[in-house]
Amino acid sequence: MHEATIAQSVLEAISAEAKKQKARPIAAKISYGVFNAINTETLKFAFEAISKDTVCENLKLNIEQKPIKAKCKKCRATFEFDLHESKCPKCRHDDFELLPDAPLLLEEITFEDK
Amino acid sequence: MRKVKVRKKILIANEEYAAKNRAFLKERKIPCLNVISSPGSGKTTLLAKTIETLRGKLSIGVIEGDIQTDIDAQRIRKAGAPAHQINTDGACHLSAAQISDAFHKLPIDRLDLLFVENVGNLVCPSTFDLGETDKIAVLSVPEGDDKPAKYPMIFARAAAVLINKIDILAATDFNIKKVKADISKLNKNTKIFLVSAKTGEGMKQWCDWLENMADSKRKKALKKTRPRQ
């Protein structure tokens with residue numbers, strides 16, 4: 001349900017950039033780590049609903065989910081964390097530190113030609 | 001068509017408030033624990049019991065988050081601690097800005113420990129940093145032993161997990177060994193406490209842990225007259 005809050009923040013970020021560029025945005029790419037617990041479809045739906053009658057109406061939202069990484073405490077290797085295989089793929093040690101999740105980022109915006 | 005690289009953090013407003021909160025708490029050496037669980041896991045009962053157990057030892061304050069009502073804040077005050085209630089009016093999580101405001105609704109400079117009881121929800125609150133020192137997850141026996149595997153986000157990030165309502169273990173199929181293994185797969189360093197806020201079982205270990213945490217920050221000289229807000 002927090003997708004509605006996030007959609008609002010995404011809308012504000014894109015609108016601010018559009019104002020700066022003085023152009024209409026037609027697509028935007030955002031990314032976030034999987035542990036942000038954001039449902040992609042819900043976010044798209046929420047964005048579509050709140051962007052009506054704004055400069056972002058009909059904007060195509062492209063979403064990239066990034067895996068979470070972990071660092072082995074024994075061999076110090078960094079690896080993509082897999083819930084079903086929670087061991088270091090290199091040395092098989094099971095004590096590791098989850099690294100911070102990738103933040104919610106507005107990566108790029110595609111603008112209509114003026 | 002032209003593409004413009006932006007690379008901007010979308011939740012930057014929340015992050016800025018969270019950083020401000022963290023600095024505010026650090027300056028006052030107050031540990032702040034963000035308590036996250038499903039609705040009905042017994043968070044408020046647990047906090048009330050914790051306040052009673054630590055009476056005379058730690059001065060505790062609570063920020064309560066709920067969609068509606070101030071029932072929880074009333075329960076905390078009845079247990080003897082100052083509490084401030086935030087109503088989110090439908091939002092499924094607390095935000096850092098709400099916490100910044102709430103600090104000043106409590107006798108913050110007299111506190112040894114601050115709890116934030118988040119809105120009952122095992123998913124959304126883990127996305128929003130409040131500037132807390134640590135996150136605490138609560139899982140109650142009737143919810144089932146599969147929750148850490150199904151909702152890994154909060155369990156992976158929690159400094160401690162409290163398994164509450166262990167007084168009814170015998171009536172369920174809840175497998176403590178499985179839960180412990182699932183949690184430690186996500187984070188080997190998470191402290192796990194088995195408690196019953198109702199009977200008081202296991203509360204001592206949890207409260208000792210809290211005392212140690214507050215001690216290591218700073219233990220204030222206890223005020224003789226406690227605020228009953």
Side-chain angles (χ1 to χ4, degrees), chain A residues 1-14 16-18 20-21 23-39 42-43 68 70 73 81-87 93-114, chain B residues 1-19 36 39 65 67 88-98 118-129 135 146 148-159 181-190:
Chain A
M1 210 169 86
H2 58 312
E3 282 82 359
T5 315
I6 291 167
Q8 183 64 39
S9 303
V10 171
L11 178 70
E12 282 163 17
I14 300 174
E17 203 60 33
K20 237 196 278 173
Q21 300 283 339
R24 198 175 79 86
I26 48 177
K29 186 179 157 194
I30 64 172
S31 68
Y32 49 81
V34 286
F35 266 40
N36 272 293
I38 300 164
N39 182 291
T42 312
L43 179 59
I68 188 155
K73 287 195 180 164
F81 175 66
D82 176 357
L83 272 177
H84 306 288
E85 176 62 47
S86 50
K87 283 193 172 78
H93 196 61
D94 67 352
D95 194 5
F96 51 82
E97 176 194 356
L98 277 186
L99 297 176
D101 206 11
L104 190 56
L105 272 190
L106 172 57
E107 301 262 9
E108 62 175 33
I109 305 174
T110 308
F111 289 100
E112 205 175 50
D113 287 325
K114 280 183 210 172
Chain B
M1 279 197 318
R2 63 198 166 94
K3 280 188 179 174
V4 176
K5 290 256 177 249
V6 186
R7 304 280 302 165
K8 236 188 207 160
K9 283 188 179 177
I10 291 165
L11 293 179
I12 190 73
N14 189 68
E15 280 178 39
E16 282 170 358
Y17 274 109
I36 298 174
I67 289 176
T88 63
D89 293 327
C92 50
H93 59 273
L94 289 171
S95 69
Q98 290 170 317
N118 221 309
V119 181
N121 184 324
L122 213 44
V123 184
C124 315
S126 62
T127 306
F128 294 85
D129 183 8
K135 290 182 170 66
D146 55 358
K150 282 184 174 171
Y151 301 86
M153 288 80 178
I154 177 56
F155 295 97
R157 298 285 185 217
D182 284 352
I183 294 170
S184 105
K185 257 195 228 171
L186 294 165
N187 183 350
K188 232 187 163 177
N189 303 312
T190 307

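Note that the structure is predicted; figures quoted are calculated from it, not measured.
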TODO: Kindly write out the residues that satisfy side chain to side chain contact (heavy atoms under 4.5 Å, CB included) with B/K9, not counting sequence neighbours, or none if the list is empty.
DONE: A/P103, A/L105, B/I12, B/E15

Open item on the list: So which residue, A/T110, A/D94, A/I68, ends up with the most heavy-atom pairs under 4.5 Å with chain B?
Closed with: A/T110

Task: Pairing residues for A/K73 by the side chain to side chain contact (heavy atoms under 4.5 Å, CB included) criterion, not counting sequence neighbours - done: A/R76, A/D95, A/E97, B/N189

Task: Side chain, backbone, both or neither of A/E107 within contact of chain B (heavy atoms, under 4.5 Å) - done: both

- [ ] With a 4.5 angstrom heavy-atom cut-off, could you sort out which part of A/Y32 is near chain B: side chain, backbone, both or neither?
- [x] neither

- [ ] Taking all non-hydrogen atoms of both residues into account, name the closest pair between A/F111 and A/A18 and its distance.
- [x] CE2-CA, 3.7 Å

Task: Leading residue by heavy atom contact count with chain A [cutoff under 4.5 Å; candidates B/R157, B/K3, B/R2, B/H93] - done: B/R2

- [ ] State, to 0.1 Å, how close A/P25 and A/I109 come at their nearest heavy-atom pair, and which atoms those are.
- [x] CB-CG2, 3.7 Å

TODO: Please flag which part of A/I30 lies under 4.5 Å from any non-hydrogen atom of chain B: side chain, backbone, both or neither.
DONE: side chain

Open item on the list: So which residue, A/E108, A/E112, A/K87, A/K29, ends up with the most heavy-atom pairs under 4.5 Å with chain B?
Closed with: A/E108

TODO: Considering non-hydrogen atoms only, spot the tightest contact between A/I6 and B/L11 and give its length.
DONE: CG1-CD2, 4.3 Å

TODO: Sort B/F128 into side chain, backbone, both or neither according to what part of it lies under 4.5 angstrom from a heavy atom of chain A.
DONE: side chain

Open item on the list: Go through it in stages, so that I can follow the logic: the residues are B/T88 and B/L94, the test is side-chain contact (heavy atoms from CB on, under 4.5 Å), and I'd like the CA-CA distance, side-chain angles, deciding distance and then a yes or no.
Closed with: CA-CA 7 Å; B/T88 63; B/L94 289 171; 3.9 Å; yes

